[in-house]
Amino acid sequence: MLHDAYWLTNVRVEQSYEIEQRQVIGTITKLCHLRIEGGKIAEILDEGEELKSSLPKYDAKGLLVLPSFEEAHIHLDKTYYNGAWKAVRSVSSIFDRIEEEKVLLPKLLPMAKQQAESILTLIQGYGATHVRAHCDIEPVSGLARLEATKQAIETFSGKISAEIVAFPQHGLLRSQSVSLVKQALAEGATHVGGVDPHTVDGSIERSLSAMIELAVESSSGVDIHLHEGGEVGKKTLTKLSDLTEEAGLHGKVTVSHAFWFAGAQPQEAKEMAARMAALGMAISSTVPIGRMTMPLPMLHSQGVKVKLATDSLTDHWSPFGNGDQLEKAGRFAELYGCQDEASLSQTLQFITGGLSPLHANGEHLWPKVGDDASFVLLHASCSAEAVARRAPRQAVWYLGRLVSGAL
């Protein structure tokens, strides 16, 4: 679709919940016509209203419309995706994996741009129109992986929005990468990354202080990998919260994984969550299972911004990950017992940057006139069914432009 203005007709839009004996038993929808103009939803008409317009019309044939998805954490620049199958080699520590990377990364680099483009094509086909990519910045690669990532994202210019985390996988201090990360921020990275300040960098305070200083100096955000649990994990989250408050970085700090919460005492976890929520801090999670199962519903209820993510997509760290955010939402629903209509549909917000067609009380929230025309058309009767059944996606729009699929 090359038109700046057109009608998308016969789109299924959620209106409210169906209530019976004070319980949500279904979702009420209706067919609507959406006028798309200048990348926005400019007008919404009910199916029965006469469409007096000479603009081009495209029939959605009753498909459900949902907000497009956000991939909150993924590694585009180091992957086996679209290449030969390789399982993960066993290692005894993160340091063994880092040593493996020093040999492996140069071998992967020539294909980095092409493979990143393949992953972007994959996740966009599943409905993602925004991506936060964690890109390795370390002495082995210098800024070469950043350049490959930027080139891949540029290929999708006008089709997807993106953020890039300058991620010192081998340790910000341990690999002496502060100057490299600083340069990466000057050359297009939007966030300062980090990893396990105690275990990898050897100092919680010095590592976190360096990250925050870089962020303040470059007016960037922070997104740190934190796998550490126990007292070390708690100290790291406490110090990061303190520094976030001192630096005035409200709403600009994300903790990826945050596995401390998986083993924390419930009251301690609630108190930490409340502190993070007050600072606008977010947590991105792959929805781990087993001993690392996270209390994600509690974090959300305390006001922490919870975002679901892919992380690795079949690489030397993990053979798993398929890039489908709706699959991730479905996993969340299964793990935390979201089986009724309302809880299933509300799960959607964890993959859309907080957008949901309906409020928890059933009030219509999206789409409305003036909203960005970034959405997905799916084969489902409502968002609850879409999440539960991982509904097939038919087509994806970004700012009024059809970027994947077809009608």
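We're numbering straight along the sequence, starting at 1.
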Strictly by salt bridge (charged side-chain N to carboxylate O under 4.0 Å, His left out), give each pair with a member in residues 186-202 just once, sequence neighbours left out.
none
Pairs satisfying salt bridge (charged side-chain N to carboxylate O under 4.0 Å, His left out), at least one member in residues 84-98, at least two apart:
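Qualifying pairs: Arg97-Glu100.
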Report yes if the side chains of [X] and [Y] come closer than 4.5 Å at any heavy-atom pair, otherwise no.
X: Pro357; Y: Pro67; value: yes
X: Ile123; Y: Gln325; value: no
X: Ser161; Y: Tyr398; value: yes
X: Leu407; Y: Leu8; value: yes
X: His257; Y: Asp311; value: yes
X: Asp46; Y: Lys30; value: yes
X: Leu120; Y: Ile160; value: yes
X: Lys102; Y: His170; value: yes

Applied to residues 364-393, the ring-ring contact (aromatic ring centres under 6.0 Å, His included) test, sequence neighbours excluded, yields Phe375-Trp397
With sequence neighbours excluded, give me every ring-ring contact (aromatic ring centres under 6.0 Å, His included) pair touching residues 260-291.
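Found none.
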Taking [X] first and then [Y], would you say they form a salt bridge - that is, a charged N and a carboxylate O separated by under 4.0 Å?
X: Glu334; Y: Arg390; answer: yes
X: Lys40; Y: Asp371; answer: no
X: Arg275; Y: Asp242; answer: yes
X: Glu231; Y: Lys234; answer: no
X: Lys78; Y: Glu101; answer: yes

SG on Cys135 to CG on Asp77, rounded to 0.5 Å:
4.0 Å
Quick check: does any side chain N or O of [X] sit under 3.5 Å from a backbone N or O of [Y], one acting as donor and the other as acceptor?
X: Ser141; Y: Leu143; answer: no
X: Glu14; Y: Ser383; answer: yes
X: Tyr6; Y: Gly400; answer: yes

Thr347 and Ala329 have their tightest heavy-atom pair at CG2-O, 3.3 Å
Tightest non-hydrogen contact, residues Ile212 and Leu249, listed as CD1-CD1, 3.8 Å
Could you list the residues that satisfy salt bridge (Lys or Arg N to Asp or Glu O under 4.0 Å) with [X], not counting sequence neighbours?
X: Arg132; answer: Glu163, Asp223
X: Lys113; answer: Glu117
X: Glu47; answer: none

Are more than 12 heavy atoms from other residues, nucleotides or ligands located less than 6.0 Å from atom [atom1] of [X]?
X: Ile289; atom1: CD1; result: no
X: Gln151; atom1: CD; result: yes
X: Lys150; atom1: NZ; result: yes
X: Glu49; atom1: CD; result: yes
X: Lys239; atom1: NZ; result: yes
X: Gln176; atom1: CD; result: no
X: Phe95; atom1: CZ; result: yes
X: Lys107; atom1: NZ; result: no

Assess, by modelled atom type and distance only, whether the side chains of [X] and [Y] contain a donor and an acceptor separated by less than 3.5 Å.
X: Thr310; Y: Glu71; answer: yes
X: Gln349; Y: Thr352; answer: no
X: Tyr17; Y: Ser345; answer: yes
X: Thr27; Y: Glu341; answer: yes
X: Ser68; Y: Ser374; answer: no
X: Ser209; Y: Glu205; answer: no

Knowing that exactly one of Glu228, Arg174, His227 qualifies, which makes a side-chain hydrogen bond (donor to acceptor under 3.5 Å, both in side chains) with Thr199?
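Among Glu228, Arg174, His227, the one that satisfies the side-chain hydrogen bond (donor to acceptor under 3.5 Å, both in side chains) with Thr199 is Glu228.
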Going by the side-chain hydrogen bond (donor to acceptor under 3.5 Å, both in side chains) test, which pairs reach into residues 289-303, not counting sequence neighbours?
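Non-adjacent pairs meeting side-chain hydrogen bond (donor to acceptor under 3.5 Å, both in side chains): zero.
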Suppose we screen for side-chain contact (heavy atoms from CB on, under 4.5 Å). Which residues come up paired with Asp324, at least two apart in sequence or across chains?
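If we apply the side-chain contact (heavy atoms from CB on, under 4.5 Å) test to Asp324, skipping adjacent residues, the hits are Tyr126, Asn322, Leu326, Glu327, Arg393.
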Go through the steps to decide whether Glu37 and Arg35 satisfy the test salt bridge (Lys or Arg N to Asp or Glu O under 4.0 Å), and finish with yes or no.
CA-CA 6 Å; Glu37 189 165 349; Arg35 178 165 64 85; 2.5 Å; yes
Throw together a table of side-chain donor-acceptor distances under 3.5 angstrom for residues 279-288, partners on residues two or more places apart or in other chains.
unit_1 : atom_1 : unit_2 : atom_2 : d
Ser284 : OG     : Ser256 : OG     : 2.9
Ser285 : OG     : Val287 : N      : 3.0

Among all residues two or more places apart in sequence or in another chain, which pass the ring-ring contact (aromatic ring centres under 6.0 Å, His included) test with His134?
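Applying ring-ring contact (aromatic ring centres under 6.0 Å, His included) to His134 gives His73, His75, His225.
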Can you name the residues that form a ring-ring contact (aromatic ring centres under 6.0 Å, His included) with His130, not counting sequence neighbours?
none
